[in-house]
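What you see below is based on every heavy atom in this structure, not just the backbone, and it leaves out hydrogens, waters and symmetry mates. Quick caveat: nothing in here was measured; it's all calculated off a predicted structure.
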Amino acid sequence: MPSTIARRLAALTSVLLAPLALAAQIELDTGLIEGTTADKAASVHVFRGIPYAAPPVGDARWKSPMTAAAWEGVRPATEFGNICPQGPGLAQMTGEALPTLSEDCLYLNVWTTTAGTDANQPVMVWIHGGGLSLGWSHQALYDGVNLAKRGVVLVSINYRLGALGFLAHPLLSAESGTSGNYGLLDQIAALEWVQRNIAAFGGDPGNVTIFGESAGGTSVQALLASPHSKGLFHRAIVQSAWLTDTNYAALNEGSPAGPSAEERGANWGNAQFPEADSLEALRAVDMATINTAQQAGFGVHVTIDGDFMPAHVLTVFATGKQMDVPVMAGTNTDEGTMFVGALPFDTVADYEAATKAGLGEHAATVLALYPATDAASLFQAKNQFITDTWFVWGTRNMLAGMANVASPAWQYHFSRRSIANPMMGAAHAAEIAYAFSNLTGPAAGNGTDQGLSDAMVRYWVQFAATGDPNVDGLPAWPAYDAESDQHLELGDEIKAGSGHRKVAVDKLNAIWAARAGIASP
């Protein structure tokens, strides 16, 4: 590997021979990379497919991420990297081609207008959603050109998914002392890479905002609650975090919500690979077979391991042990429309019977919160039930826990209904295109949508820059506190409101406390 001096001489040679290309050439701690121009008029450069950790393959499967190897010469950063093994479902939903799948998938991307300068711009690190089982860093919605134009350095990352990212297993725990959470540890490794390297792109390592949606929001919550995150970021945006009573599991203790993480993992491994009775055998199973098996029914979850995740995330917030950084969080009106098929009943009678069978003494409370008398109201009951129990409940309890630290919190409610597909309403993930200024279809030519997108980008960037989303020329965004319970509605109008789904969440908290034995925040 050439010395630092040799690298700089190589960079100087590139200046003399190809001055126009130099703006996209950067020195990292692992070697030189060269990106490309993403928007010439705005001087946005993009660096694609940068390895932030070693490939987690072979003996490194189901281990904490390891340091990426250095390279000689200039590494092209013009093509996006492989994506982590997953099924085709998300690609089919979005209409995108599924990129190359590989366990060698720990890559990130950077968009910036200040490569090679000491501009110290705010840094925003995007963590994609997909149920911790699907998704990748360079989906079309996540193109970073328009955010970079607004004066931030944008980073998007891949992380291990499904069983390859979240398997807890007694054999793995015996080897390392704990298991599970590998995908979250990948996110930590990416944030450590940002600390070491982002200044070369004109970013400020002392002003890093993490943000993510759905499982990306789940990840942001987990990072806020983990002691491993200390010093790695300074603000957090939580968009529609997916949090239920089953997507967290203690490493080796069961609960009323289900078996321990190790028991879940052992049951899955025994069912899928009965002949693989050792770690060596499990690690010898080829990627395609693992990928098929994780699609067949791996129940992904965050593991409460006493190390990365010391307790359930809501317990961490309820006791004030989370990162003391400003937080912005919110949900959409119709999170559930995308998932109504997950509730397996088609008639009001089936709905009522399933609720009574599943919730017992709490069924009457739930049926009153989500009443249904016919097909139309049943659809809305499913939508609201999922919206509240998968998304709003966790977000509001997390925000309530912010009272236990000094940093402020800010709540939003996204209510802009789709004009392309009105039945979906203000659906899950609908806000992403607005926050990235990447509107498509009818919304791209609609003044209301364009105005809302412009406002959201300004709020998001202002929060990343200062920890307070309020910006001149836009409606005031009141800070959140439990007493006033205010939020900013982002919809046909932008306006302040209060008490969003409070009655429902208070009743759900009582049910949670009774069923899970965890005190309500």
Side-chain angles (χ1 to χ4, degrees), residues 120-125 127 152 184 187-188 191-192 194-195 203-212 216-239 241 243 304 308-331 392-413 458-472 474 476-488 496-500 502 505-506 509 518-521:
N120 277 334
Q121 288 193 327
V123 180
M124 299 183 73
V125 180
I127 304 173
V152 300
L184 295 169
Q187 295 168 16
I188 291 288
L191 291 170
E192 291 171 340
V194 167
Q195 287 299 306
D204 180 0
N207 188 3
V208 176
T209 297
I210 59 172
F211 69 134
T218 305
S219 298
V220 173
Q221 284 183 332
L223 292 169
L224 281 163
S226 174
H228 286 234
S229 300
K230 186 175 181 179
L232 296 180
F233 61 88
H234 313 91
R235 327 194 192 292
I237 302 174
V238 185
Q239 298 174 212
L243 182 63
I304 302 167
F308 173 85
M309 186 54 55
H312 190 283
V313 64
L314 292 186
T315 301
V316 173
F317 273 81
T319 54
K321 295 178 181 177
Q322 71 271 32
M323 292 268 288
D324 190 357
V325 300
V327 169
M328 193 169 90
T331 56
V392 177
W393 170 77
T395 296
R396 284 187 53 90
N397 283 321
M398 180 195 70
L399 286 165
M402 288 298 292
N404 299 313
V405 295
S407 296
W410 315 84
Q411 181 182 198
Y412 73 83
H413 169 217
R458 292 178 65 193
Y459 283 130
W460 263 237
V461 169
Q462 180 73 0
F463 178 80
T466 69
D468 183 333
N470 283 288
V471 59
D472 290 344
L474 291 177
W477 188 331
Y480 176 84
D481 67 75
E483 184 175 352
S484 63
D485 195 13
Q486 290 184 290
H487 65 268
L488 189 72
S498 63
H500 180 62
K502 174 177 169 50
V505 170
D506 286 349
N509 275 338
I518 297 175
S520 165

### Summary
Sorted by chain and number, sequence neighbours left out, side-chain contact (heavy atoms from CB on, under 4.5 Å) with S226 holds for H228, S229, F308
#### Entry: With P227 via side-chain contact (heavy atoms from CB on, under 4.5 Å) - residues at least two apart
P310
### Query
What pairs with H500 under side chain to side chain donor-acceptor pair (under 3.5 Å), at least two apart in sequence or on another chain?
none
### Task
With sequence neighbours left out, write down each residue that passes salt bridge (Lys or Arg N to Asp or Glu O under 4.0 Å) with K502, or none if nothing qualifies.
D506
### Summary
Residue set satisfying side-chain contact (heavy atoms from CB on, under 4.5 Å) with N404, at least two apart, ordered chain then number -> none
### Task
For V471, enumerate each residue passing the side-chain contact (heavy atoms from CB on, under 4.5 Å) test, keeping only those at least two apart in sequence or located in another chain.
R458, Y459, Q462, L474
### Task
Could you list the residues that satisfy side chain to side chain donor-acceptor pair (under 3.5 Å) with N120, not counting sequence neighbours?
none
#### Entry: salt bridge (Lys or Arg N to Asp or Glu O under 4.0 Å) contacts in which one or both residues fall within residues 394-410, not counting sequence neighbours
R396-D485
### Message
Test of understanding: with salt bridge (Lys or Arg N to Asp or Glu O under 4.0 Å), list the residues that count as partners of R235, not counting sequence neighbours.
### Response
none
### Message
For D204, give me all partners under side chain to side chain donor-acceptor pair (under 3.5 Å), at least two apart in sequence or on another chain.
### Response
none
### Task
Go through the structure and list residues passing side chain to side chain donor-acceptor pair (under 3.5 Å) with H234, not counting sequence neighbours.
none
#### Entry: F211: partners by ring pair (Phe, Tyr, Trp, His ring centres under 6.0 Å), with sequence neighbours left out
W126, F436
